[in-house]
Amino acid sequence: MSELVKYRKDYQVSNFLITDVRLIVQLFDGYALVKSNLGLAKNPNLSTVGAFDTTLKLDGVDLELVSIELDGQKLVSERYHQTNEHLFVYDCPESFQLTTQVKIYPEKNTSLEGLYQSSDKYCTQCEAEGFRKITFYLDRPDVMASFEVRIEADKNQYPYLLSNGNNVDSGDLDIERHYAVWRDPHKKPSYLFALCAGKYDLLESEFITQSGRKVLLQIFVDEGKLEQCHHAMESLKKSMRWDEQVFGLEYDLDIYMIVAVGDFNMGAMENKGLNVFNTKYVLASQATATDQDFEDVEAVIAHEYFHNWTGNRVTCRDWFQLSLKEGLTVFRDQQFTADQTDAAVKRIEDVKVIRAHQFAEDAGPMAHPIRPDSYIEMNNFYTVTVYNKGAEVIRMYHTLLGADGFRKGMDVYFKRHDGQAVTCEDFVLAMEDANDYSFKQFRNWYSQAGTPMVKANSVYDAVKKEFTLNLSQTTQATPGQEHKTPFHIPIKMGLLSEEGVDMALQLITEEHLQDDILHFTKKEQSFTFKNVISKPIVSLLRNFSAPIKLEYDYSNKELSFLLANDRDAFNRWEAGQRLYTNVIWQLYDDSVSGSELKLPETLISVVRKVLNNDDLEHRFKALALTIPDVKTLIESRDSLQFDHLLQAHDYLSKQMAINLEHDWYQHYLQSAPGKDFSQTKESVGQRALKAKCLDYLLKLQKKEYFDLATKQLSEANNMTDAISAFKLLMHSSYVKKDLIAESFYQRWKSEDLVIDKWLTVLATDPSDACISMVKGLQTHEAFEITNPNKVRALIGGFSNANMRQFHRPDGLGYQFLTQQIISLYAVNPQIAARLTGAFNRWKKFDEERQKLMKQQLEAILSQPKLSKDVYEIASKALK
């Protein structure tokens with residue numbers, strides 16, 4: 001499939017542009033007819049060199065062509081040609097109207113791209129290249145047109161007919177059918193097109209913009225789910241107000257609609273004025289949603305709303321520029337969530353994603369810069385690199401320029417490019433010009449893949465009262481990039497005195513210091529601070545100021561000091577994680593050598609101090625008391641013996657439970673909130689710490705703690721308490737857990753999103769019985785292979801979140817996943833490709849596991865008619 005590779009360097013403008021689109025979509029039982037009238041004209045941006053290519057090449061997949069006309073005249077067969085993926089129209093004039101009608105089958109569209117049916121409703125997903133499954137089109141983001149859409153359907157089955165923009169007409173066609181016409185006043189690329197039709201419950205509200213305009217807000221959900229979308233509505237209003245206050249951005253239509261869909265490949269989609277959402281990110285209530293669910297709903301609602309400007313009003317020229325809108329918008333939603341919740345906790349949670357997932361991607365076969373250079377299937381590049389590392393790159397602008405400078409850059413960006421399809425370079429230039437700042441070297445973050453490794457050491461001269469910090473940076477070779485040049489890395493730092501107080505930072509060469517930020521720009525660089533009256537403890541990479549790996553030889557004593565004293569909350573947490581990691585790898589080495597496993601004497605006292613520190617927020621404590629997970633630990637070693645890592649991890653967890661049993665129990669009791677449920681910061685923190693304490697208590701496998709967990713489960717007045725107790729019981733040796741699992745299912749089987757949690761809990765059971773249970777659940781009434789949420793919950797839960805059982809030494813976990821990928825790739829290529837990624841880090845493991853995983857990758861690649869999505873992941877993994 002190498003001939004299918006697309007390269008960023010090969011970008012060319014289209015020879016034609018589409019100026020306006022008129023669609024008529026007629027929905028019938030079993031099929032749909034789509035009539036498209038396109039206004040086309042020669043692209044004025046074409047090079048004047050060479051003859052004008054009069055052939056129009058439109059994208060179109062799985063379309064039955066019914067008719068085709070050019071300027072009202074039916075085309076003879078010699079004037080056009082249809083292939084599996086394109087429609088060619090020959091001898092086109094420089095300006096013309098093209099009218100086509102196609103027949104499509106939404107009920108059979110299991111890929112969930114284009115127009116498809118979810119339960120008894122129609123909906124669309126067009127990003128990245130789904131519109132070509134609806135009609136013939138120039139399906140690329142730099143072709144922007146005005147849309148008018150007429151939808152016709154049975155009025156009893158589909159009382160709501162929705163599309164982008166404003167509803168300009170509607171009415172009855174006859175006694176059974178009706179129509180609605182929507183007109184979007186803003187030009188947009190085809191990927192932002194949306195259509196929904198069905199029966200919904202509707203929640204309405206309004207928002208008054210900063211200029212005094214009234215905006216109608218509508219959320220459409222499945223019938224019976226209305227009470228679960230009030231949180232989403234309030235989140236939308238918060239997002240709209242925040243964007244006005246922080247960035248001066250006001251919504252630009254008179255209506256904003258959200259439709260919740262049960263079958264959706266992604267989290268949500270920012271289609272102009274009509275956002276289509278996975279139900280997971282709309283529905284939330286005290287009974288059915290965890291605290292994390294509430295936060296996720298608010299964040300995703302915000303993310304898609306923020307796209308109205310960073311993605312819709314200013315979009316990307318081509319898909320290689322995806323991070324232009326996604327990295328920027330992720331940063332914006334992260335900032336929003338930090339303002340609404342706990343900024344320190346939010347930062348920690350975001351960095352955990354980077355370390356567990358993005359660092360692995362950077363070090364694996366799919367490594368790519370935030371602006372990729374090539375791809376086979378674009379859907380494979382909706383990645384944590386493009387999104388989350390992309391957000392970290394945007395955050396570095398914010399760090400280097402400050403909030404005011406960043407806002408100035410954003411203002412210039414919107415002023416220059418509103419209504420345009422642009423590139424990452426256009427964003428960089430806006431930041432530079434607005435602040436008179438050169439980001440020449442900083443551009444390496446866009447073009448180079450991989451995670452920079454920064455090694456640091458220091459020297460203190462007591463006579464001169466000088467402290468020197470020596471830094472070096474290297475970035476490992478990645479596919480297609482053997483050699484890397486230095487990055488511009490902002491390192492936020494502090495020097496702590498023996499009393500735990502930050503010293504004044506005075507560099508001898510001041511040009512490399514900006515407030516408390518070092519500008520690290522060379523392969524090797526030294527920074528000497530003057531007037532340092534005593535030997536300090538250095539606090540490096542505060543607030544995770546750059547997406548790098550930092551190696552500094554902290555002693556456990558120094559880490560304990562930073563955990564207790566650092567004023568930077570992120571680095572307090574980070575000190576604890578480094579301390580746990582040091583202990584785990586020492587235990588690992590002892591396990592490998594056959595030595596007796598022992599904890600350092602001071603560790604328990606350090607953990608106890610954190611637990612009993614009344615000055616720390618409860619939610620921060622819960623994070624600080626959590627040992628790094630196995631997935632994250634794997635990324636800190638080039639190769640490892642997996643069973644010994646599990647043994648070391650288990651030993652530390654169990655010893656922390658044993659040595660602090662009384663403390664865990666007392667804090668569990670103290671963290672039990674009152675009967676009234678609330679989403680306040682304090683209440684959320686209490687539930688988080690309560691869950692962490694119960695986690696450690698159940699590791700002791702004592703009846704009284706099993707009883708405590710079952711009591712919490714039965715008496716819980718919220719899903720956070722219920723699911724945490726349920727999970728801990730299911731992952732323990734509790735003898736009645738099968739009965740509890742069935743009872744939980746019977747109570748919640750009418751709530752799909754709760755049952756998704758149930759499936760994930762069972763799929764992540766660390767016991768050897770798990771794989772048989774997961775196989776059995778595939779025939780359970782709760783599971784549907786065609787529903788992405790169910791697949792992610794059960795199969796994704798097993799392969800991505802159950803490291804112990806997926807990496808079983810007998811290889812059954814690998815075989816199971818391969819069977820699922822083979823079953824899925826023709827049904828839903830996107831989801832199958834995501835699952836295939838679980839094999840990407842196979843070279844990290846011991847020789848026998850490597851052999852077993854390699855066999856499965858080869859088995860996947862041997863399949864006939866393998867989808868491009870899966871082929872790209874599996875073939876790159878084997879290289």
Side-chain angles (χ1 to χ4, degrees), residues 344 347-348 399-400 453-473 489-522 524-546 548-583 586 600-616 620-621 624:
R347 189 68 187 124
I348 291 166
T399 298
L400 292 167
M453 167 63 79
V454 174
K455 294 184 178 181
N457 62 69
S458 61
V459 177
Y460 178 64
D461 188 326
V463 176
K464 293 183 179 181
K465 304 298 182 187
E466 291 180 351
F467 177 82
T468 300
L469 180 66
N470 303 304
L471 300 177
S472 65
Q473 60 169 297
I489 302 174
I491 297 184
K492 193 176 179 70
M493 62 164 295
L495 298 177
L496 276 67
S497 69
E498 294 176 354
E499 294 76 28
V501 177
D502 272 45
M503 300 177 178
L505 298 179
Q506 296 177 286
L507 264 187
I508 290 177
T509 308
E510 290 293 343
E511 65 265 24
H512 297 299
L513 181 66
Q514 175 187 332
D515 296 324
D516 58 351
I517 301 165
L518 291 178
H519 292 264
F520 179 31
T521 58
K522 300 177 181 179
E524 295 181 350
Q525 208 165 347
S526 295
F527 304 88
T528 300
F529 297 86
K530 60 186 177 181
N531 300 323
V532 182
I533 59 175
S534 60
K535 184 178 180 180
I537 293 180
V538 61
S539 173
L540 290 172
L541 206 65
R542 283 179 162 176
N543 208 41
F544 198 67
S545 56
I548 65 171
K549 293 181 179 179
L550 175 67
E551 186 178 298
Y552 184 87
D553 191 19
Y554 285 111
S555 68
N556 286 351
K557 183 179 178 181
E558 288 173 322
L559 292 172
S560 300
F561 179 87
L562 290 171
L563 179 57
N565 296 286
D566 203 325
R567 67 175 175 83
D568 184 83
F570 174 82
N571 266 17
R572 292 188 80 162
W573 171 81
E574 170 71 350
Q577 296 299 292
R578 285 177 176 267
L579 183 59
Y580 295 137
T581 300
N582 287 349
V583 171
Q586 181 58 58
E601 294 180 2
T602 58
L603 179 65
I604 296 302
S605 63
V606 171
V607 175
R608 182 175 282 116
K609 285 179 181 178
V610 173
L611 184 56
N612 294 322
N613 188 340
D614 293 335
D615 293 331
L616 296 177
F620 176 86
K621 282 187 186 181

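Keep in mind that what you see is a predicted model, and the values were worked out from it rather than measured.
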Checklist entry - Listed by chain and number, what are the salt bridge (charged side-chain N to carboxylate O under 4.0 Å, His left out) partners of Asp502, not counting sequence neighbours? => result Arg542, Arg567
Checklist entry - Under the side-chain contact (heavy atoms from CB on, under 4.5 Å) criterion, do Ile489 and Leu471 qualify, and how do the steps go? => result CA-CA 11 Å; Ile489 302 174; Leu471 300 177; over 6 Å; no
Next on the checklist: Please check: side-chain N/O of Lys465 versus main-chain N/O of Asn531, any donor-acceptor pairing under 3.5 Å?
Outcome noted: no
Next on the checklist: Would you compute the distance between atom CD of Glu574 and atom CG of Leu541 and round it to the nearest 0.5 angstrom?
Outcome noted: 7.5 Å
Next on the checklist: Please find the pair of heavy atoms, one from Tyr554 and one from Leu540, that lie closest to each other, and give the distance.
Outcome noted: OH-N, 3.7 Å
Checklist entry - If you round to the nearest 0.5 Å, how far is CD1 of Ile491 from OG1 of Thr399? => result 12.0 Å
Checklist entry - Would you call the rings of Phe520 and Phe527 parallel, tilted or perpendicular if under 30° counts as parallel and over 60° as perpendicular? => result perpendicular
Next on the checklist: Measuring only between side-chain heavy atoms, which start at C-beta, is Thr468 closer than 4.5 Å to Asp461?
Outcome noted: no
Checklist entry - Val532 and Tyr460: which non-hydrogen atoms are nearest, and at how many Å? => result O-OH, 2.8 Å
Next on the checklist: Quick check: closest heavy atoms across Ile508 and Glu466, and the distance to 0.1 Å?
Outcome noted: CD1-OE2, 3.6 Å
Checklist entry - Around Lys549, counting heavy atoms of other residues, nucleotides and ligands shown, do more than 12 lie under 6.0 Å from its NZ? => result yes
Next on the checklist: Under the rule for side chain to side chain contact (heavy atoms under 4.5 Å, CB included), what residues qualify as partners of Glu499, not counting sequence neighbours?
Outcome noted: Ser497, Val501
Checklist entry - Atom CE in Met493, atom CG in Leu518: separation rounded to 0.5 Å? => result 5.5 Å
Next on the checklist: If you compare all heavy atoms of Ser545 against all heavy atoms of Pro490, which two are closest, and at what distance to 0.1 Å?
Outcome noted: OG-O, 2.8 Å
Checklist entry - Closest approach of Phe467 and Ser458, non-hydrogen atoms and distance? => result CZ-CB, 3.3 Å
Item to check | Set of residues satisfying ring-ring contact (aromatic ring centres under 6.0 Å, His included) with respect to Phe544, sequence neighbours excluded | outcome: Phe570
Checklist entry - Got a donor-acceptor contact below 3.5 angstrom from the Lys621 side chain to the Asn613 backbone? => result yes
Item to check | Contact summary for Asn543 and Asn571, nearest pair of heavy atoms | outcome: N-OD1, 4.3 Å
Next on the checklist: Let me confirm one number: the OG-CG distance from Ser539 to Leu562, rounded to the nearest 0.5 Å.
Outcome noted: 6.0 Å
Checklist outcome for this item: Taken in chain and number order and not counting sequence neighbours, the residues that satisfy side chain to side chain contact (heavy atoms under 4.5 Å, CB included) with Ile604 are Leu599, Arg608, Met656, Asn659, Leu660
Checklist entry - Could you give the distance from CD (Glu498) to CD1 (Ile533), rounded to the nearest 0.5 Å? => result 9.5 Å
Next on the checklist: With a 4.5 Å cut-off on side-chain heavy atoms, are Thr509 and Leu507 touching?
Outcome noted: no
Next on the checklist: The test is side-chain contact (heavy atoms from CB on, under 4.5 Å); show your working for Gln473 and Val454 and say whether it passes.
Outcome noted: CA-CA 4 Å; Gln473 60 169 297; Val454 174; 4.2 Å; yes
Checklist entry - Which residue pairs pass the salt bridge (charged side-chain N to carboxylate O under 4.0 Å, His left out) test when at least one of the two sits in residues 550-565, sequence neighbours left out? => result none
Item to check | Phe620 side, atom CZ; Arg572 side, atom CZ - distance, nearest 0.5 Å | outcome: 6.0 Å
Checklist entry - Considering residues at least two apart in sequence or located in another chain, which fulfil the side chain to side chain donor-acceptor pair (under 3.5 Å) criterion with Thr602? => result none
Checklist entry - Is a donor on one side and an acceptor on the other found under 3.5 Å between the side chain of Asp515 and the backbone of Ile517? => result no
